[in-house]
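When a ligand or atom number is given, it counts from 1 through the structure's own listing order.
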Amino acid sequence: MPVRIQYHSYGGPDVMELQPYELVEPAAGDVAVGVVAAAINPIDWKLRQGQLKVMTGRKFPRGMGSDFAGVVRAVGAGVTQFAPGDEVFGITRLKDSGAFAQVTYTSQDFLAQKPAGVSFIDAAAAATPGVLAVLGLTEKAKLRPGQRVLVNGCTGGVGEVVTQLALSLGAEVAGTCSSRNVDRARALGVHHVVAHDTGADPLHELAFDVVFDTAGTLVPRAAMKLLTGAGVYLDINATPGKFLHSFTHPRHKIINCAPSRARMDQVAEALTAHLIHASVTTTVPLSQARELITSLEQGQPSTGRSVITIA
Ligand SMILES: NC(=O)c1ccc[n+]([C@@H]2O[C@H](COP(=O)([O-])OP(=O)(O)OC[C@H]3O[C@@H](n4cnc5c(N)ncnc54)[C@H](OP(=O)(O)O)[C@@H]3O)[C@@H](O)[C@H]2O)c1
(Lines give C-alpha, C1' and ligand atoms only; values in the text may rest on other atoms or scores of the structure.)
Protein backbone atom coordinates (compact mmCIF):
# COMPACT_ATOMS: atom_id res chain seq x y z
CA MET A 1 0.00 0.00 0.00
CA PRO A 2 1.18 3.57 -0.62
CA VAL A 3 1.99 5.81 2.36
CA ARG A 4 1.25 9.43 3.13
CA ILE A 5 1.44 11.94 5.98
CA GLN A 6 -1.99 11.96 7.61
CA TYR A 7 -3.67 12.75 10.92
CA HIS A 8 -6.68 11.42 12.79
CA SER A 9 -7.57 14.56 14.76
CA TYR A 10 -6.70 18.24 14.50
CA GLY A 11 -3.68 19.20 16.56
CA GLY A 12 0.03 19.95 16.82
CA PRO A 13 2.96 18.20 15.14
CA ASP A 14 2.39 15.04 17.22
CA VAL A 15 -0.77 14.12 15.30
CA MET A 16 1.15 13.63 12.03
CA GLU A 17 1.67 9.99 11.06
CA LEU A 18 3.34 8.37 8.06
CA GLN A 19 0.81 5.65 7.30
CA PRO A 20 -0.55 3.46 4.52
CA TYR A 21 -3.77 4.52 2.83
CA GLU A 22 -6.17 3.10 0.28
CA LEU A 23 -5.89 4.13 -3.35
CA VAL A 24 -9.20 4.94 -5.04
CA GLU A 25 -10.24 5.57 -8.61
CA PRO A 26 -10.17 9.32 -9.34
CA ALA A 27 -13.63 10.90 -9.25
CA ALA A 28 -15.15 12.50 -12.35
CA GLY A 29 -13.06 15.49 -13.36
CA ASP A 30 -10.20 14.44 -11.07
CA VAL A 31 -6.72 13.18 -11.75
CA ALA A 32 -4.59 10.76 -9.70
CA VAL A 33 -0.95 11.79 -9.68
CA GLY A 34 2.09 9.81 -8.54
CA VAL A 35 3.84 12.51 -6.53
CA VAL A 36 7.55 13.12 -7.15
CA ALA A 37 7.94 16.34 -5.14
CA ALA A 38 5.65 18.24 -2.74
CA ALA A 39 6.39 21.71 -1.35
CA ILE A 40 5.65 22.67 2.25
CA ASN A 41 3.49 25.77 2.90
CA PRO A 42 2.45 27.30 6.26
CA ILE A 43 -1.16 26.55 5.27
CA ASP A 44 -0.35 22.83 5.63
CA TRP A 45 0.11 23.00 9.39
CA LYS A 46 -2.61 25.64 9.81
CA LEU A 47 -5.08 23.19 8.24
CA ARG A 48 -3.79 20.34 10.45
CA GLN A 49 -4.14 22.55 13.55
CA GLY A 50 -7.82 22.95 12.64
CA GLN A 51 -7.61 26.69 11.97
CA LEU A 52 -9.95 26.23 8.99
CA LYS A 53 -12.08 23.38 10.36
CA VAL A 54 -15.22 25.28 9.46
CA MET A 55 -14.24 24.50 5.88
CA THR A 56 -12.33 21.25 6.30
CA GLY A 57 -14.85 19.45 8.51
CA ARG A 58 -14.47 16.49 10.84
CA LYS A 59 -13.79 13.57 8.53
CA PHE A 60 -10.54 11.74 9.39
CA PRO A 61 -7.95 10.61 8.54
CA ARG A 62 -6.96 13.69 6.59
CA GLY A 63 -3.93 13.97 4.31
CA MET A 64 -1.49 16.89 4.40
CA GLY A 65 0.13 18.98 1.69
CA SER A 66 -1.18 21.02 -1.19
CA ASP A 67 1.58 21.81 -3.72
CA PHE A 68 3.01 18.95 -5.75
CA ALA A 69 4.50 17.80 -9.03
CA GLY A 70 4.43 14.30 -10.40
CA VAL A 71 3.25 11.92 -13.09
CA VAL A 72 -0.41 11.24 -13.93
CA ARG A 73 -1.41 7.67 -13.00
CA ALA A 74 -5.12 7.70 -13.81
CA VAL A 75 -7.85 10.11 -14.82
CA GLY A 76 -11.53 10.25 -13.88
CA ALA A 77 -14.48 10.48 -16.24
CA GLY A 78 -14.59 13.67 -18.26
CA VAL A 79 -10.88 14.48 -17.94
CA THR A 80 -9.73 15.61 -21.35
CA GLN A 81 -6.58 17.64 -20.70
CA PHE A 82 -4.42 15.00 -19.05
CA ALA A 83 -3.53 11.36 -19.63
CA PRO A 84 -1.53 8.75 -17.72
CA GLY A 85 2.20 9.45 -18.06
CA ASP A 86 1.86 13.25 -18.30
CA GLU A 87 4.28 15.19 -16.10
CA VAL A 88 2.19 17.75 -14.21
CA PHE A 89 2.25 20.09 -11.25
CA GLY A 90 -0.64 21.43 -9.24
CA ILE A 91 -2.50 22.06 -6.03
CA THR A 92 -4.89 19.85 -4.09
CA ARG A 93 -8.33 21.04 -3.00
CA LEU A 94 -8.18 22.91 0.31
CA LYS A 95 -10.79 20.55 1.76
CA ASP A 96 -8.94 17.50 0.52
CA SER A 97 -5.21 18.00 1.07
CA GLY A 98 -2.87 15.10 0.53
CA ALA A 99 0.20 16.01 -1.49
CA PHE A 100 2.66 14.58 1.09
CA ALA A 101 1.84 11.18 -0.34
CA GLN A 102 2.90 8.69 -2.94
CA VAL A 103 -0.33 9.31 -4.83
CA THR A 104 -2.55 12.39 -4.60
CA TYR A 105 -5.78 13.51 -6.27
CA THR A 106 -7.04 16.84 -7.51
CA SER A 107 -9.29 18.49 -10.04
CA GLN A 108 -8.01 18.64 -13.62
CA ASP A 109 -8.54 22.41 -13.32
CA PHE A 110 -5.94 22.66 -10.55
CA LEU A 111 -3.18 21.15 -12.70
CA ALA A 112 -0.89 22.19 -15.53
CA GLN A 113 1.61 20.31 -17.64
CA LYS A 114 5.03 20.60 -16.01
CA PRO A 115 7.30 22.58 -18.35
CA ALA A 116 9.89 20.24 -19.85
CA GLY A 117 12.92 22.19 -18.64
CA VAL A 118 11.67 22.60 -15.08
CA SER A 119 12.37 19.99 -12.41
CA PHE A 120 9.60 18.37 -10.37
CA ILE A 121 11.02 20.09 -7.28
CA ASP A 122 10.98 23.56 -8.84
CA ALA A 123 7.50 23.08 -10.30
CA ALA A 124 6.06 21.95 -6.95
CA ALA A 125 7.69 24.92 -5.19
CA ALA A 126 6.13 27.42 -7.59
CA ALA A 127 2.51 26.27 -7.45
CA THR A 128 0.81 28.27 -4.68
CA PRO A 129 3.20 31.25 -4.86
CA GLY A 130 2.70 31.38 -8.62
CA VAL A 131 -1.10 31.28 -8.44
CA LEU A 132 -1.14 34.01 -5.78
CA ALA A 133 1.26 36.19 -7.81
CA VAL A 134 -0.80 35.82 -11.00
CA LEU A 135 -4.11 36.34 -9.22
CA GLY A 136 -2.89 39.33 -7.22
CA LEU A 137 -0.71 41.20 -9.65
CA THR A 138 -2.37 40.58 -12.99
CA GLU A 139 -6.03 40.02 -12.08
CA LYS A 140 -6.66 42.07 -8.93
CA ALA A 141 -4.11 44.87 -9.37
CA LYS A 142 -3.90 44.81 -13.19
CA LEU A 143 -0.28 45.80 -12.77
CA ARG A 144 1.19 47.91 -15.57
CA PRO A 145 4.86 48.62 -16.44
CA GLY A 146 6.33 51.46 -14.44
CA GLN A 147 3.95 51.07 -11.51
CA ARG A 148 5.37 50.83 -8.01
CA VAL A 149 4.88 47.69 -5.94
CA LEU A 150 5.75 47.03 -2.31
CA VAL A 151 6.17 43.35 -1.43
CA ASN A 152 6.08 42.88 2.33
CA GLY A 153 8.12 39.72 2.95
CA CYS A 154 9.83 39.83 -0.45
CA THR A 155 12.14 36.84 0.12
CA GLY A 156 9.53 34.48 1.59
CA GLY A 157 8.00 31.55 -0.26
CA VAL A 158 5.20 33.64 -1.75
CA GLY A 159 7.03 36.99 -1.67
CA GLU A 160 9.94 35.84 -3.80
CA VAL A 161 7.69 34.76 -6.66
CA VAL A 162 5.46 37.84 -6.33
CA THR A 163 8.61 39.98 -6.53
CA GLN A 164 9.89 38.13 -9.59
CA LEU A 165 6.56 38.41 -11.43
CA ALA A 166 6.20 42.12 -10.56
CA LEU A 167 9.72 42.80 -11.88
CA SER A 168 9.00 40.83 -15.04
CA LEU A 169 5.87 42.95 -15.59
CA GLY A 170 8.03 46.07 -15.52
CA ALA A 171 7.19 47.31 -12.03
CA GLU A 172 9.49 49.26 -9.75
CA VAL A 173 9.64 47.04 -6.68
CA ALA A 174 10.32 47.80 -3.05
CA GLY A 175 10.52 44.90 -0.63
CA THR A 176 10.78 44.25 3.07
CA CYS A 177 12.65 41.39 4.70
CA SER A 178 14.88 40.84 7.73
CA SER A 179 18.50 42.05 7.69
CA ARG A 180 19.75 38.52 7.06
CA ASN A 181 17.82 38.41 3.77
CA VAL A 182 18.75 41.85 2.41
CA ASP A 183 21.37 40.43 0.05
CA ARG A 184 18.87 37.88 -1.27
CA ALA A 185 16.36 40.65 -1.92
CA ARG A 186 18.96 42.67 -3.80
CA ALA A 187 19.95 39.60 -5.82
CA LEU A 188 16.30 39.20 -6.79
CA GLY A 189 16.42 42.69 -8.28
CA VAL A 190 14.36 44.52 -5.65
CA HIS A 191 15.01 48.20 -6.29
CA HIS A 192 14.42 49.43 -2.76
CA VAL A 193 15.10 46.96 0.07
CA VAL A 194 13.90 47.74 3.59
CA ALA A 195 14.99 45.57 6.54
CA HIS A 196 12.01 45.35 8.87
CA ASP A 197 14.13 44.56 11.93
CA THR A 198 16.31 47.67 12.00
CA GLY A 199 13.77 50.12 13.34
CA ALA A 200 14.00 52.23 10.17
CA ASP A 201 10.70 53.02 8.44
CA PRO A 202 11.40 54.84 5.18
CA LEU A 203 8.27 53.39 3.57
CA HIS A 204 5.85 56.01 4.83
CA GLU A 205 7.55 58.53 2.49
CA LEU A 206 6.64 56.43 -0.55
CA ALA A 207 3.38 55.73 -2.39
CA PHE A 208 2.65 52.44 -4.11
CA ASP A 209 0.22 51.31 -6.78
CA VAL A 210 0.25 47.88 -5.16
CA VAL A 211 1.06 46.86 -1.61
CA PHE A 212 1.29 43.05 -1.59
CA ASP A 213 1.49 41.89 2.02
CA THR A 214 2.69 38.30 1.96
CA ALA A 215 4.09 38.30 5.52
CA GLY A 216 0.78 39.41 7.02
CA THR A 217 2.48 41.88 9.34
CA LEU A 218 0.99 45.10 7.97
CA VAL A 219 -1.83 46.77 9.86
CA PRO A 220 -4.60 47.53 7.32
CA ARG A 221 -4.84 51.21 8.17
CA ALA A 222 -1.06 51.63 7.77
CA ALA A 223 -1.03 49.60 4.54
CA MET A 224 -3.77 51.83 3.03
CA LYS A 225 -1.69 54.92 3.81
CA LEU A 226 1.10 53.55 1.61
CA LEU A 227 -1.16 53.52 -1.47
CA THR A 228 -1.50 55.98 -4.32
CA GLY A 229 -5.04 57.27 -4.91
CA ALA A 230 -6.05 54.24 -6.99
CA GLY A 231 -3.62 51.76 -5.43
CA VAL A 232 -4.63 48.35 -4.13
CA TYR A 233 -3.58 46.50 -0.98
CA LEU A 234 -3.38 42.76 -1.55
CA ASP A 235 -3.53 40.62 1.56
CA ILE A 236 -3.12 36.84 1.75
CA ASN A 237 -3.44 36.52 5.53
CA ALA A 238 -7.12 36.94 6.35
CA THR A 239 -8.37 37.53 9.88
CA PRO A 240 -11.91 38.47 10.95
CA GLY A 241 -10.73 42.04 11.57
CA LYS A 242 -9.13 42.28 8.14
CA PHE A 243 -12.29 40.92 6.49
CA LEU A 244 -14.29 43.67 8.18
CA HIS A 245 -11.79 46.26 7.02
CA SER A 246 -11.91 44.97 3.44
CA PHE A 247 -15.73 45.25 3.36
CA THR A 248 -15.53 48.97 4.04
CA HIS A 249 -12.33 49.56 2.03
CA PRO A 250 -12.73 47.93 -1.41
CA ARG A 251 -9.10 48.61 -2.31
CA HIS A 252 -8.11 46.20 0.48
CA LYS A 253 -8.39 42.90 -1.36
CA ILE A 254 -8.05 39.67 0.56
CA ILE A 255 -6.99 36.88 -1.75
CA ASN A 256 -6.68 33.15 -1.31
CA CYS A 257 -4.88 30.64 -3.44
CA ALA A 258 -7.62 29.80 -5.93
CA PRO A 259 -6.14 27.62 -8.64
CA SER A 260 -7.78 27.46 -12.05
CA ARG A 261 -6.72 26.10 -15.40
CA ALA A 262 -5.89 29.59 -16.69
CA ARG A 263 -3.88 30.54 -13.59
CA MET A 264 -1.97 27.26 -13.53
CA ASP A 265 -1.15 27.67 -17.23
CA GLN A 266 0.13 31.20 -16.57
CA VAL A 267 2.35 29.87 -13.81
CA ALA A 268 3.65 27.20 -16.20
CA GLU A 269 4.34 29.88 -18.84
CA ALA A 270 6.18 32.04 -16.31
CA LEU A 271 8.28 29.04 -15.27
CA THR A 272 9.04 28.16 -18.90
CA ALA A 273 10.13 31.73 -19.61
CA HIS A 274 12.26 31.75 -16.42
CA LEU A 275 10.30 34.74 -15.13
CA ILE A 276 9.75 33.00 -11.81
CA HIS A 277 11.75 30.48 -9.84
CA ALA A 278 11.05 29.61 -6.21
CA SER A 279 14.34 29.00 -4.36
CA VAL A 280 14.38 25.57 -2.78
CA THR A 281 16.94 25.25 0.00
CA THR A 282 15.83 22.06 1.75
CA THR A 283 14.70 18.72 0.38
CA VAL A 284 13.93 15.64 2.47
CA PRO A 285 12.42 12.23 1.69
CA LEU A 286 8.86 11.51 2.82
CA SER A 287 10.24 9.46 5.72
CA GLN A 288 11.77 12.65 7.22
CA ALA A 289 8.96 15.06 6.34
CA ARG A 290 7.31 15.16 9.78
CA GLU A 291 10.55 16.38 11.42
CA LEU A 292 10.99 19.11 8.79
CA ILE A 293 7.35 20.27 8.97
CA THR A 294 7.64 20.38 12.76
CA SER A 295 10.75 22.55 12.74
CA LEU A 296 9.29 24.97 10.17
CA GLU A 297 6.06 25.12 12.17
CA GLN A 298 8.08 25.90 15.28
CA GLY A 299 9.67 28.87 13.53
CA GLN A 300 12.96 27.56 12.19
CA PRO A 301 14.16 30.41 9.95
CA SER A 302 14.28 29.42 6.32
CA THR A 303 15.96 31.09 3.38
CA GLY A 304 13.92 29.29 0.75
CA ARG A 305 11.25 26.71 0.19
CA SER A 306 11.29 23.23 1.64
CA VAL A 307 10.32 20.30 -0.54
CA ILE A 308 9.55 16.67 0.18
CA THR A 309 10.80 14.24 -2.44
CA ILE A 310 8.93 11.00 -2.99
CA ALA A 311 10.44 8.07 -4.80
N1 LIG B 1 -4.25 33.04 1.42
C2 LIG B 1 -3.60 32.02 0.90
O3 LIG B 1 -4.12 31.31 0.05
C4 LIG B 1 -2.18 31.77 1.32
C5 LIG B 1 -1.37 30.93 0.57
C6 LIG B 1 -0.04 30.76 0.93
C7 LIG B 1 0.43 31.37 2.07
N8 LIG B 1 -0.42 32.13 2.82
C9 LIG B 1 0.08 32.77 4.05
O10 LIG B 1 1.01 33.76 3.69
C11 LIG B 1 2.03 33.81 4.66
C12 LIG B 1 3.37 33.75 3.98
O13 LIG B 1 3.53 32.49 3.38
P14 LIG B 1 4.97 32.08 2.83
O15 LIG B 1 4.87 30.71 2.31
O16 LIG B 1 5.52 33.13 1.94
O17 LIG B 1 5.78 32.05 4.21
P18 LIG B 1 7.33 32.24 4.47
O19 LIG B 1 8.13 31.56 3.40
O20 LIG B 1 7.57 31.87 5.87
O21 LIG B 1 7.58 33.79 4.27
C22 LIG B 1 7.16 34.76 5.18
C23 LIG B 1 8.08 35.94 5.01
O24 LIG B 1 7.63 37.00 5.85
C25 LIG B 1 8.78 37.74 6.20
N26 LIG B 1 8.52 38.50 7.42
C27 LIG B 1 8.39 38.05 8.69
N28 LIG B 1 8.17 39.09 9.52
C29 LIG B 1 8.13 40.20 8.75
C30 LIG B 1 7.93 41.57 9.01
N31 LIG B 1 7.70 42.02 10.26
N32 LIG B 1 7.94 42.44 7.97
C33 LIG B 1 8.15 42.01 6.72
N34 LIG B 1 8.36 40.71 6.40
C35 LIG B 1 8.36 39.82 7.40
C36 LIG B 1 9.86 36.71 6.39
O37 LIG B 1 11.07 37.29 5.99
P38 LIG B 1 12.26 37.45 7.00
O39 LIG B 1 12.55 36.06 7.51
O40 LIG B 1 13.36 38.02 6.16
O41 LIG B 1 11.74 38.35 8.06
C42 LIG B 1 9.51 35.61 5.40
O43 LIG B 1 10.31 35.67 4.25
C44 LIG B 1 1.75 32.68 5.65
O45 LIG B 1 1.14 33.20 6.81
C46 LIG B 1 0.80 31.79 4.92
O47 LIG B 1 -0.07 31.08 5.77
C48 LIG B 1 -1.69 32.36 2.48
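The N/O atoms of Gly157, backbone and side chain alike, include one that comes under 3.5 Å of an N/O atom in ligand 1. Between Gly159 and ligand 1, not a single N/O pair is under 3.5 Å apart. Ligand 1 has an N or O atom lying under 3.5 Å from an N or O atom of Cys257, backbone or side chain. Residue Thr128 has no nitrogen or oxygen atom sitting less than 3.5 Å from a nitrogen or oxygen atom of ligand 1, judged on distance alone. The N/O atoms of Val158, backbone and side chain alike, include one that comes under 3.5 Å of an N/O atom in ligand 1.
No part of Arg305 comes within 4.0 Å of ligand 1, judged by heavy-atom distances.
Proximity of atom 36 (C) of ligand 1 to the protein is not indicated, since no non-hydrogen protein atom lies closer than 4.0 angstrom. For atom 20 (O) of ligand 1, no protein heavy-atom neighbour is present inside the 4.0 Å cut-off.
Ion pairing between a basic and an acidic side chain is recognised when a charged N comes within 4.0 Å of a carboxylate O; Arg148 and Asp209 show no such pairing. Note on Lys242 versus Asp235: salt bridge recorded, some NZ/NE/NH1/NH2 to OD/OE distance being below 4.0 Å.
For the 3.5 Å distance criterion, the side chains of Ser178 and Asp197 fail to qualify, holding no donor opposite an acceptor. Residues Gln113 and Asp86 bring a donor and an acceptor atom of their side chains to less than 3.5 Å of each other. Side-chain atoms of Ser260 and Asp109 form no donor-acceptor pair, as typed in the model, at a separation below 3.5 Å. Side-chain N/O atoms of Gln164 and His274 include no donor and acceptor closer than 3.5 Å.
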Let's go through Asp122 and Arg305 carefully: what are the C-alpha distance in whole Å and the side-chain angles of both, what is the deciding distance for salt bridge (charged side-chain N to carboxylate O under 4.0 Å, His left out) to 0.1 Å, and is it a yes or a no? CA-CA 10 Å; Asp122 287 347; Arg305 302 210 74 202; over 6 Å; no
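Nearest to atom 27 (C) of ligand 1 among the protein's heavy atoms is His196 NE2, 4.1 Å. Considering only non-hydrogen protein atoms, atom 38 (P) of ligand 1 sits nearest to Ser178 OG, 3.3 Å. Taking atom 11 (C) of ligand 1 as the reference point, the nearest protein heavy-atom neighbour is Thr214 O, 3.2 Å. When only non-hydrogen protein atoms are considered, atom 24 (O) of ligand 1 lies nearest to Ala215 CB, 3.3 Å. Looking from atom 47 (O) of ligand 1 to the surrounding protein, the closest heavy atom is Lys46 NZ, 2.6 Å. Atom 33 (C) of ligand 1 has its closest protein heavy atom at Asn152 OD1, 3.1 Å. Remark: minimum distance from atom 17 (O) of ligand 1 to any protein heavy atom is reached at Pro42 CG, 3.8 Å. Of all protein heavy atoms, the one lying nearest to atom 45 (O) of ligand 1 is Asn237 OD1, 2.7 Å.
Counting heavy atoms only, Gly156 comes closest to atom 23 (C) of ligand 1 of the residues Gly156, Ala39, Pro129. Of the options Asn41, Ile236, Val194, the smallest heavy-atom separation from atom 48 (C) of ligand 1 is shown by Ile236. For atom 5 (C) of ligand 1, the candidate residues are Ile43, Leu132, Val182; the nearest heavy-atom contact is made by Leu132.
Just one of Arg4, Met16, Met64, Gln6 meets the side chain to side chain contact (heavy atoms under 4.5 Å, CB included) condition when paired with Phe100; it is Met64. Here the rule is side chain to side chain contact (heavy atoms under 4.5 Å, CB included) with Asp213, and of Asn152, Val151, Leu150, Leu234 only Asn152 fits it.
With sequence neighbours excluded, the residues satisfying side-chain contact (heavy atoms from CB on, under 4.5 Å) with Thr155 are Cys177, Asn181, Arg184, Ala185, Leu188. Contacts of Gln49 classified as side chain to side chain donor-acceptor pair (under 3.5 Å), with partners at least two apart in sequence or in another chain: Gln51, Glu297.
The side-chain heavy atoms of Cys154 and Thr176, taken from C-beta on, include no pair separated by under 4.5 Å.
Atoms of ligand 1 found under 4.0 Å from any heavy atom of Asn181 (numbered from 1 in listed order, with element): 38 (P), 39 (O), 40 (O). Atom numbering of ligand 1 starts at 1 in the shown order; those under 4.0 Å from a heavy atom of Ile255 are 1 (N). Of all atoms in ligand 1, listed by their number and element, those nearer than 4.0 Å to a heavy atom of Arg180 are 39 (O). Set against the non-hydrogen atoms of Cys177, the atoms of ligand 1 under 4.0 Å away are 40 (O).
No close placement of the Phe208 and Tyr233 rings is indicated, their centers lying 6.0 Å or farther apart.
Ring-plane geometry between His249 and His245 is classed as parallel, the angle between the planes falling under 30 degrees on a 0 to 90 degree scale with a further cut at 60.
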